[in-house]
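From a predicted model like this one, the values you see are computed outputs, not experimental measurements.
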Amino acid sequence: MTLDEDNPLSFEIYPAIDLRNGKVVRLEYGDPDRQTKFSDDPAATGRRWLDAGAGWVHVVNLDGAFDEQGAANWRALESLTALGALIQFGGGMRTMDDVARAMDLGVQRVVLGTAAIENPDLVAAVIDRFGGERLAIGLDARDGTVKTHGWRTETGMSVVELGREMRAAGAKTAVYTDISRDGVLTGVNVEASASLAEKTGLEVIASGGVSSLEDIRRLLEYRTAGMGGVIIGRALYDDRIDLAEAIALAGGA
């Protein structure tokens, strides 16, 4: 598989695999004290999503996001890249060495969140070394304000302001997560996601709160405005959304 660089109007469905101590989990509002474990076998979960037709899988190293070592998660990542999926991977990558390690394991695109704010030069360096298609900026916000370090640190920076800065630095893609909706199935923030795409020029992958196929239908209305996809987590694990149906909906739109 390769990146779809020639079709700017494509809309991708990203099933999520969030890793904590090598296990597949979901958190409510990003809170480690509100965790549900779904599997001890990340590779089996990844295979399930691939069998349903997924081309990409969105993988998060939660231990890294919380500034922990996350060795078990890196081993799980290796088992996932071995499946042959396109892997979008984020969580705790703070240095070029972290990015290179992920790329060496077969990751197709890395997501930089905290590092993009604290070390903007890293964004330019990653783009220069690997290309703009291999990087997404993680824009995690509550009430329009960016939070970092596993969503525990306030930055005071607006998500649109940061998005514009990252676009000026050469970034093309952003993963936008509305923290207030993440993991609780309240519906994706379509309006904020679309507005971010329109105001920054970034291709935006929406995340947080996806609960039904209707969320996907609404996001697809903004495909020509820069909506590039959606990450689905808990709704898949709770069987609220059938992944094959979601992929068919996105592909047929």
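- Taking the six-membered ring where the residue is Trp, the centroids of W74 and F89 are separated by under 6.0 Å.
- M166 contributes atom CE, which lies 9.5 Å from atom CG of L135 (distance to the nearest 0.5 angstrom).
- To the nearest 0.5 Å, the span separating CH2 on W49 from CG on L80 amounts to 12.5 Å.
- Listed here is the closest heavy atom pair of A52 and L243: CB-CD2, 3.8 Å.
- Nearest heavy atoms, M93 versus L112: O-CD2, 3.6 Å.
- Between V107 and L77 there is a side-chain heavy-atom pair separated by less than 4.5 Å.
- The two residues I231 and A16 have their closest heavy-atom pair at CG2-CB, 3.7 Å.
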After noting the C-alpha distance and the side-chain angles of E191 and R218, does the key distance pass the salt bridge (Lys or Arg N to Asp or Glu O under 4.0 Å) rule? CA-CA 9 Å; E191 292 76 13; R218 293 178 63 211; 2.6 Å; yes
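- T36 meets the side chain to side chain donor-acceptor pair (under 3.5 Å) test with R234; sequence neighbours excluded.
- Side-chain contact check for S211 and D215: at least one donor-acceptor pair (N or O, by modelled atom type) lies under 3.5 Å.
- For the pair T177/L139, no side-chain contact is recorded, criterion being any heavy-atom separation below 4.5 Å from C-beta on.
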**Request:** Could you walk me through whether R164 and V160 pass side chain to side chain contact (heavy atoms under 4.5 Å, CB included), step by step?
**Result:** CA-CA 6 Å; R164 286 172 173 163; V160 170; 3.7 Å; yes
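- Here the side chains of I87 and W56 are not in contact, with every heavy-atom distance at 4.5 Å or above.
- In this structure, Y237 and F38 have tilted ring planes: the angle between them lies in the 30° to 60° band.
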**OP:** Please test T114 against R94 for side chain to side chain contact (heavy atoms under 4.5 Å, CB included), starting from the C-alpha separation and ending with a verdict.
**Re:** CA-CA 7 Å; T114 298; R94 310 282 193 245; 3.5 Å; yes
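- Between D18 and R26 a salt bridge is recorded (basic side-chain N to carboxylate O distance below 4.0 Å).
- K199 and E161 are not joined by a salt bridge, as no carboxylate oxygen comes within less than 4.0 angstrom of a charged side-chain nitrogen.
- Residues S39 and T45 form a side-chain contact, since some pair of their non-hydrogen atoms from C-beta on lies under 4.5 Å apart.
- Minimum interatomic distance between S193 and V204 (heavy atoms only, all atoms of both residues): O-CG1, 3.9 Å.
- I247 has its side chain out of reach of L249: every pair of non-hydrogen atoms, C-beta onward, lies at least 4.5 Å apart.
- Put simply, OG1 on T224 and CG on L220 are 10.5 Å apart, with the number rounded to the nearest 0.5 Å.
- Comment: R142 does not engage D178 in a salt bridge, judged by the lack of any side-chain N to carboxylate O separation of less than 4.0 angstrom.
- The pair R109-E133 does not meet the salt-bridge criterion, since no charged nitrogen lies less than 4.0 angstrom from a carboxylate oxygen.
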Verify side chain to side chain contact (heavy atoms under 4.5 Å, CB included) between I17 and L19, making sure each step is shown before the conclusion.
-> CA-CA 6 Å; I17 295 179; L19 299 172; 3.8 Å; yes
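- Put simply, OG on S207 and CD1 on I179 are 10.0 Å apart, with the number rounded to the nearest 0.5 Å.
- At distances below 3.5 Å, not a single donor-acceptor pair connects side-chain atoms of T173 with backbone N or O atoms of E203.
- In summary, R217 and E214 engage in a salt bridge, as defined by a charged side-chain N under 4.0 Å from a carboxylate O.
- The shortest side-chain heavy-atom distance between I137 and L202 does not fall under the 4.5 Å cut-off.
- Looking at heavy atoms from C-beta onward, V230 lies in side-chain contact with V210 at the 4.5 angstrom threshold.
- Among all heavy-atom pairs drawn from H58 and Q88, the shortest one is ND1-NE2, 2.9 Å.
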* Could you go step by step and tell me if L83 and R47 meet the side chain to side chain contact (heavy atoms under 4.5 Å, CB included) rule? -> CA-CA 7 Å; L83 297 175; R47 197 173 300 110; 3.8 Å; yes
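- Within the 3.5 Å criterion, the main-chain N or O of A124 finds no donor-acceptor partner in the side chain of D128.
- Within the 4.5 Å cutoff, side-chain heavy atoms of V159 are placed close to those of Y176.
- For N73 against G22, the heavy-atom pair with the smallest separation is OD1-N, 2.7 Å.
- Of the possible donor and acceptor atoms, none in the side chain of N21 sits under 3.5 Å from a partner among the backbone N and O of K23.
- Between the side chain of R167 and the main chain of A171, a donor-acceptor pair closer than 3.5 Å is present.
- Rounding to the nearest 0.5 Å places CZ of R101 at 16.0 Å from CE of M96.
- Here the straight-line distance linking atom CE of M227 with atom CG of L219 works out to 4.5 Å at 0.5 Å rounding.
- In summary, R48 and D242 do not engage in a salt bridge, as defined by a charged side-chain N under 4.0 Å from a carboxylate O.
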